[in-house]
Amino acid sequence: ISEDFGHLLTSLVMLLVVVPRFQPEENILDKKTRPGGFFDSWDLRTIVVVMFLFADAWIGNLLLRQFSGVTRSIAKAFAIAAVYIISLVYAKDRRSNPALTLVAIMVVQSSLLYAFVR
């Protein structure tokens, strides 16, 4: 319920604070018309991250429709731990933190135990 309340609050702020500031004839991508605008610092990486966040929310809602909220939370925790472990392999300048690595492995192990013992 708290996540839904957060989405509702964010939507209300966007609707009542952000949207009225835009004028229909205004090109929000034009840096001369709107210097320091919201989209000025966006590049391809930002768009890819936003698309992944949309996909994450969509898949999370599909999981919630089929399974419980606990299963969705465990799946998200597993995904975060997996991303951390994979980042240790691919990032050349990243030093591993033994405590954080242990926690990530414990999350993966707990997720697998929940999935198979349940």
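- The shortest side-chain heavy-atom distance between Val50 and Phe54 falls under the 4.5 Å cut-off.
- Cluster annotation: Met106 is not connected to Leu88 through the hydrophobic network of ILVMFWY side chains, with a link wherever side-chain heavy atoms come within less than 4.5 Å.
- For the pair Ala81 and Ala104, the tightest heavy-atom approach, listed with the atom from each and the gap, is CB-O, 3.6 Å.
- Taking CG of Leu62 as the reference point, atom CZ of Phe67 lies at 10.5 Å (rounded to 0.5 Å).
- Both Ile105 and Leu112 sit in one connected hydrophobic cluster of ILVMFWY residues. Membership requires side-chain heavy atoms under 4.5 Å apart, directly or through other members.
- Under a hydrophobic-cluster definition in which Ile, Leu, Val, Met, Phe, Trp and Tyr are linked whenever side-chain heavy atoms come within less than 4.5 Å, directly or via other members, Phe78 and Leu100 are assigned to the same cluster.
- Atoms CE and CG, from Met51 and Leu44 in turn, are 11.5 Å apart once rounded to the nearest 0.5 Å.
- A donor-acceptor contact shorter than 3.5 Å links the side chain of Asn61 to the backbone of Ala57.
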Tell me, with the steps shown, if Tyr84 and Ile80 meet side-chain contact (heavy atoms from CB on, under 4.5 Å). CA-CA 6 Å; Tyr84 172 73; Ile80 290 169; 5.8 Å; no
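- Gln109 places a side-chain heavy atom less than 4.5 Å from the side chain of Leu113.
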